[in-house]
Amino acid sequence: MLQGWFQIGTSAECSEGQVITRRVFDSEIVLWRTADGTVTVTDAHCGHLGAHLGIGGRIKNDTLVCPYHGWAWDRTGLCARVPYAPNEVPDARIRAWPSVERSGGIFVWTGRADSVEECDIPDVHGGEATPSLIEMKASHGVGDSRAVVYRDRAIDPRVPGEHSTDFAHFKYIHLATDAAVQTNYSIAGNIFRADYAVDYKIGPGSPKPHRVRFTNFGPGVVTVENWGVVDHVLLASVTPTGGGRVDVYYSVWVTEELSARVKIDYDPIFTALIAQFEADLIVWENQTWVADPPYLASESRCLRDYRIWAEHFSATRPGADRTTI
């Protein structure tokens, strides 16, 4: 499978006492919380005789208890109790998936357990030591937000990530006055970043300048910072579930500054922002990935560099699995 951090749920849906089932890369997993609120992600099937822990399983004493024979599994995946044979607890395990909560989302590491990399995904709600959405948290403050989930979509997972290299679609999908101008792009480890300048015509008068920054955190997560027409930051994650299907998570925040300035109902603003994302989604759902496109000189360098960078997450290397898509 692809090696990286992928979103599998939202913090709001995973409340204490709940066991939630998800699918990622053809594997069924379950999400649950320990008493201190920490999210735990494990394989969905009991290591005893394979019963589904997400169907009838319950949380007891910081363990997930199987509905079939009562075997209890702790947050590390280790068997902690066998109620009818307390002196015969085996050294048995189910897979525990490394997980983090950031910006209202729950993310898992999909690579090998011995090659877990630091999670660079920002947290708009985190403390000073936690990576943050640069301009919003430092300069503008975090305001109101919305989150939407699009489940079981037929999207090639390679397609959305490449969106970060696409300067031309601003005109045709998002109705900018012209194609955007890419002002910079850079690659540093697991992070790909691209900056754009673009103009939008909003009502009478001259077009209003707008700037956009895409930041890809590995193959599964991207943030898009927008400053100018409507200041906002979005976080999107495209998570392969298997069989050519994906779950798409979308969260968007406006700035605290905008929150203070706009005294009306937020719904029209968020409706418009979500509609912009859904315009991309329609394209992705009906798009095929082209291995060798007819590159234009103006677009070739960034897209080629992005594809070389993206291959890093699927190529065979020490501690990594080869990916099949």
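A quick note: this is a predicted structure, and the numbers were derived from the prediction, not measured.
The nearest pair of heavy atoms linking Asp120 to Phe217 is O-CE2, 3.3 Å. When all heavy atoms of Thr223 and Pro122 are compared, the closest pair comes out as CG2-CG, 3.9 Å.
Side-chain atoms of Asn61 never come within 3.5 Å of backbone atoms of Thr63 as a donor-acceptor pair (strictly under, hydrogens ignored). Remark: side-chain polar atoms of Trp309 are paired, donor with acceptor, to backbone N or O of Gly189 under 3.5 angstrom. With hydrogens and angles disregarded, no donor-acceptor distance shorter than 3.5 Å links the side chain of Asp43 to the backbone of Ile29. Put simply, the side chain of Arg75 never gets that close to the backbone of Ala96: no donor and acceptor are under 3.5 Å apart. With Tyr249 contributing its side chain and Ile8 its backbone, the two residues share a donor-acceptor pair below 3.5 Å. Using a distance-only test at 3.5 Å, with no hydrogens or angles considered, a donor-acceptor pair links the side chain of Arg93 to the main chain of Thr76. Judged purely by atom type and a 3.5 angstrom limit, His48 has no side-chain atom pairing as donor or acceptor with the backbone of Cys46. Distance alone, capped at 3.5 Å, places no donor-acceptor pair between the Arg22 side chain and the Leu31 backbone.
With respect to Leu296, the side chain to side chain contact (heavy atoms under 4.5 Å, CB included) criterion is satisfied by exactly one of Pro294, Ser300, Ser298: Ser298.
With a 4.5 Å cut-off on side-chain heavy atoms, Leu78 and Asp91 count as touching. Annotation: side chain of Val148 is not in contact with side chain of Phe277 (no heavy-atom distance under 4.5 Å). Arg33 places a side-chain heavy atom less than 4.5 Å from the side chain of Ser11. For the pair Thr215/Arg213, a side-chain contact is recorded, criterion being any heavy-atom separation below 4.5 Å from C-beta on. Side-chain atoms of Phe167 and Cys302, non-hydrogen and from C-beta on, never get closer than 4.5 Å to each other. Between Gln3 and Trp109 the shortest side-chain heavy-atom distance falls below 4.5 Å. The closest side-chain heavy-atom distance from Thr21 to His52 is below 4.5 Å. By the 4.5 Å heavy-atom criterion applied to side chains, Tyr196 and Ser164 are not counted as neighbours.
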Could you check Ser15 against Gln18 for side-chain hydrogen bond (donor to acceptor under 3.5 Å, both in side chains), going step by step and ending with a plain yes or no? CA-CA 6 Å; Ser15 58; Gln18 283 192 303; 2.8 Å; yes
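The aromatic ring centroids of Tyr306 and Tyr185 lie 6.0 Å or more from each other.
Rounded to the nearest 0.5 Å, atoms OH (Tyr68) and CG (Leu49) are 6.0 Å apart.
Remark: Val100 engages Trp5, Arg102, Phe107, Cys119 in a side-chain contact (heavy atoms from CB on, under 4.5 Å) (not counting sequence neighbours). Not counting sequence neighbours, the partners of Pro207 by the side-chain contact (heavy atoms from CB on, under 4.5 Å) test are Thr177, Asp199, Lys201.
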Listing, residues 235-248 side-chain donor-acceptor contacts under 3.5 Å, not counting sequence neighbours, or none:
unit_1 : atom_1 : unit_2 : atom_2 : d
Ser237 : OG     : Gln7   : N      : 3.2
Ser237 : OG     : Gly220 : O      : 3.0
Thr239 : OG1    : Gln7   : N      : 3.4
Thr239 : OG1    : Gln7   : O      : 2.6
Thr241 : OG1    : Arg245 : O      : 3.1
Arg245 : NE     : Asp152 : OD1    : 3.0
Arg245 : NH2    : Asp152 : O      : 2.8
Asp247 : OD1    : Asp152 : N      : 2.9
Asp247 : OD2    : Arg151 : NH1    : 3.0

